[in-house]
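Contents: one structure, followed by commentary.
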Amino acid sequence: MQDSLKPNGITPSQTVGPFFKYGLTPNGEYAWNDAFTNSTLTPDVTGDRVRIEGRVFDGDGVAVPDVMLEIWQADAQGRFADPQDKRALPNASFRGFARCGTDKDGHYSFDTIKPGAVPDPDGKPQAPHIVLAVFGRGMLRHLYTRIYFSDEAGNAADPVLAVVPADRRATLIATREAGKAVYRLDLRLQGDDETVFFDV
Amino acid sequence: MTFIYPVDSNKAHPLPLSPEYKSSIKRAPNKPLIPMRHTLSELTGPVYGHETVREGDSDLTTQHTGEPIGERIIVHGHVRDEDGRGVPNSLVEIWQANSCGRYVHVRDQHPAPLDPNFTGAGRTVSDAAGYYRFVTIKPGAYPWGNHHNAWRPAHIHLSVFGHSFVTRLVTQMYFPNDPLFPFDPIFNSVPDEKARARMVSSFDLENTQPEWALCYRFDIVLRGKNATPMENH
Ligand SMILES: [Fe+3]
């Protein structure tokens, strides 16, 4: 039985293609239901509710209308809704995952809570951040990046921001709009001000 | 949390820029990806189980009033990690063209008929052994504008979560012996021939159901944890 054989490697990635919307982000436009929305909010969630929004651009600066973004994050106490994170989770129904397709002008948005600090491999706190995966036509494998918050003092000591060249860090930091619980972060897939993507 | 997913496994994936695939030219990063140590944020991942899947979501032939046109098929296999362990409770989502090679997506302009009895989307959750199963219609090949006379080999798009955010996989399942393989820049964006072969399902006579449906087997292999302490990364 082939199940007992050790595989000779992982299944390679292929592009999500231009037609994922009806299957992955139908949003009422097709005869299929959404498994996920662009919100992580649950009735029992605690913490500061925030909206993160922006646009996605290609190497010519043209808005990308067919990208899918997925976020994964800790709760406001810095804990993950995953059995691998053994620490107790006070928000029992909070999942920390959301999915959003860009619209015709490349806009995306997520409604979530600001995550708490999560330890790095040495146990030191990282600055609050959200992990972001970017999928799209023309992208043979999805890209990984992070969203940090402009009003967090911890950014200066964050171990992941520290490995990013100083002149590129701003591409990872969502800017808080004055007087609103809204953060703005545009993604640039290519070019001089290209978003930092990580090799994980 | 003392183990990591080796990044070497990622060598099976295509490089971001694959110029033969024209859409990659303006969408692939120019700058190298930045290596970083995996933290809890990368090592954990969303857990979505049976509550996310409705009864019947894994049968794409029974979502409408009538039966879709085309060749009914069973697609099944195991989700495993690269060490051969089954990956249980993993959400598997699929989407595909109908038997004529037409997607229900509004931007698909291929002049082939839509099928009122086929949407082409499904989802399921792998069981305790990592096993999953769909019933669907064999998708048709379809033309695309990448180059003159460009046709995609028949394929089913798949999305799999695995057990951490870095095991996330979106791929395409192909059918054995497709004559379009040598001409498809997306299939051939995977540099290693053995790795390309892992995207091709195999005909499964043993699980073909007499008088009802051919069966194709597609095992999905996700990144696995090895015993390398994080400090050595
Ligand atoms: Fe396709």
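Here the structure is a predicted model, which means the values were calculated and not measured. Chain letters run A, B, ... following the sequence lines, proteins first and then strands; every chain starts at 1.
- Side chain of B:E82 to main chain of A:N8: no donor-acceptor pair is present (N/O by atom type, distance under 3.5 Å, no hydrogens or angles).
- The neighbour count for B:E20 CD, taken as heavy atoms of other residues, nucleotides or ligands under 6.0 Å away, does not exceed 12.
- When heavy atoms are compared at a cutoff of 4.5 Å, A:F197 approaches chain B by way of both its backbone and its side chain.
- Residue B:A97 touches chain A through its backbone alone, counting heavy-atom pairs closer than 4.5 Å.
- Atom CD of B:E193 has 12 or fewer heavy atoms from other residues, nucleotides or ligands within 6.0 Å.
- Your options are A:V16, A:V56, A:N33, and the one with the most heavy-atom pairs under 4.5 Å with chain B is A:N33.
- Top candidate by heavy-atom pairs under 4.5 Å with chain B, chosen from A:P165, A:A35, A:G191, A:G59, is A:A35.
- B:S41 contributes atom OG, which lies 2.5 Å from atom NE2 of A:H129 (distance to the nearest 0.5 angstrom).
- Rounding to the nearest 0.5 angstrom, the gap separating the CZ atom in B:R107 from the CZ atom in A:F19 is 7.0 Å.
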Subject >> Full working for side-chain contact (heavy atoms from CB on, under 4.5 Å) between B:H157 and A:L24 >> reply: CA-CA 11 Å; B:H157 294 268; A:L24 301 183; over 6 Å; no
**OP:** Just do the side-chain contact (heavy atoms from CB on, under 4.5 Å) check on A:Q14 and B:V170 with the steps written out, would you?
**Re:** CA-CA 6 Å; A:Q14 295 275 266; B:V170 169; over 6 Å; no
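- Ranked by non-hydrogen atom pairs under 4.5 Å with chain A, the options B:T52, B:L158, B:I25, B:V166 are led by B:V166.
- Considering only heavy atoms from C-beta on, B:M36 comes within 4.5 Å of A:V200 through its side chain.
- Between chain A and the options B:L17, B:D81, B:I94, B:V106, the largest number of non-hydrogen pairs under 4.5 Å is found for B:V106.
- Contacts of A:V160 with chain B are made by side-chain atoms alone, with heavy-atom separations under 4.5 Å and no backbone atom involved.
- Contact check for B:L169 versus A:T11: side-chain heavy atoms found under the 4.5 Å cut-off.
- Side chain of B:T44 to main chain of A:D82: no donor-acceptor pair is present (N/O by atom type, distance under 3.5 Å, no hydrogens or angles).
- When each of A:T195, A:T145, A:L143 is paired with B:P29, the side-chain contact (heavy atoms from CB on, under 4.5 Å) condition holds for A:L143 and for no other.
- Inter-residue side-chain proximity for B:M199 and A:P12 is flagged as met; some heavy-atom pair is nearer than 4.5 Å.
- Proximity to chain A is limited to the side chain of B:H64, based on heavy atoms less than 4.5 angstrom apart.
- Ranked by heavy-atom pairs under 4.5 Å with chain A, the list B:Q63, B:K11, B:K194 is led by B:Q63.
- Comparing A:F57, A:F20, A:F36 by how many heavy-atom pairs each has under 4.5 Å with chain B, the most go to A:F36.
- Using a 30° and 60° split on the angle between ring planes, A:W72 and B:F165 fall in the parallel class, below 30°.
- Of the atoms belonging to B:P46, heavy atoms from both backbone and side chain fall under 4.5 Å from chain A.
- Between the side chain of B:E93 and the main chain of A:G23, no donor-acceptor pair closer than 3.5 Å is present.
- When atom types are taken as modelled, the side chain of B:R37 and the backbone of A:P121 share no donor-acceptor pair closer than 3.5 angstrom.
- Comparing B:S18, B:A28, B:A195 by how many heavy-atom pairs each has under 4.5 Å with chain A, the most go to B:A28.
- Expressed to the nearest 0.5 Å, how far CE of A:M68 lies from OG of B:S159 amounts to 6.0 Å.
- Of the inter-residue distances, the one linking B:Y21 atom OH with A:L140 atom CG reads 6.0 Å to the nearest 0.5 angstrom.
- Side-chain contact between B:S24 and A:M139 is absent, with no heavy atoms from C-beta onward closer than 4.5 Å.
- Chosen from B:R152, B:R196, B:R168, the residue pairing most often with chain A at heavy-atom distances under 4.5 Å is B:R168.
- By the neighbour-count criterion of 12 heavy atoms within 6.0 Å, atom CG of A:D44 is densely surrounded, having more than that number from other residues, nucleotides or ligands.
- Salt-bridge annotation for B:K31 and A:D193: absent, with no side-chain N of the basic residue lying under 4.0 Å from a carboxylate O of the acidic one.
- Note that CG of B:L43 and CD of A:Q84 are 7.0 Å apart. Values are rounded to the nearest 0.5 Å.
- For the set A:R146, A:E194, A:R168, the entry with the most heavy-atom pairs within less than 4.5 Å of chain B is A:E194.
- Looking at A:F198, both its backbone and its side chain come within 4.5 Å of chain B, counting heavy atoms on both sides.
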**OP:** Let me see the working for B:T39 and A:Q126 under side chain to side chain donor-acceptor pair (under 3.5 Å), right down to the final yes or no.
**Re:** CA-CA 9 Å; B:T39 76; A:Q126 303 177 75; 3.1 Å; yes
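- For A:R141 (side chain) and B:L15 (main-chain N/O), no donor-acceptor pair under 3.5 Å exists by modelled atom type.
- Between B:V47 and A:P83 the shortest side-chain heavy-atom distance falls below 4.5 Å.
- The two atoms that bring B:R198 and A:G9 nearest to each other are NE-O, 3.2 Å, heavy atoms only.
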**OP:** Tell me, with the steps shown, if B:R80 and A:K6 meet side-chain contact (heavy atoms from CB on, under 4.5 Å).
**Re:** CA-CA 9 Å; B:R80 294 183 294 166; A:K6 190 173 159 166; over 6 Å; no
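- Ring centroid separation for the pair B:F118 and A:Y22 does not come in under the 6.0 Å cut-off.
- Only the side chain of A:V118 comes within contact range of chain B, judged by heavy atoms closer than 4.5 Å.
- Within a 6.0 Å sphere centred on CG of A:D48, other residues, nucleotides and ligands contribute 12 heavy atoms or fewer.
- Ion pairing between a basic and an acidic side chain is recognised when a charged N comes within 4.0 Å of a carboxylate O; A:D60 and B:K26 show such pairing.
- For the pair B:L40 and A:P119, the minimum side-chain heavy-atom distance is below 4.5 Å.
- Both cation-pi conditions hold for A:R95 and B:Y48: the charged atom is under 6.0 angstrom from the six-membered ring centre and inside a 45 degree cone around its axis.
- Both the backbone and the side chain of B:I220 come within less than 4.5 Å of a heavy atom of chain A.
- A:Y30 places none of its side-chain heavy atoms less than 4.5 Å from the side chain of B:W95.
- For the pair B:R54 and A:W32, the cation-pi criterion (under 6.0 Å, within 45° of the ring axis) is fulfilled.
- For chain B, the nearby part of A:P18 is the backbone; its heavy atoms alone come within less than 4.5 Å.
- Residue A:A81 touches chain B through its backbone alone, counting heavy-atom pairs closer than 4.5 Å.
- Contact annotation for B:Y131: neither backbone nor side-chain heavy atoms come within less than 4.5 Å of a heavy atom of chain A.
- A heavy-atom distance below 4.5 Å is found between the side chains of B:H13 and A:I10.
- Per-residue heavy-atom pair counts under 4.5 Å with chain A were compared for B:P14, B:G77, B:G45, and the maximum is reached by B:G45.
- Here the side chain of B:H105 pairs no donor or acceptor atom with the backbone of A:K21 at under 3.5 angstrom.
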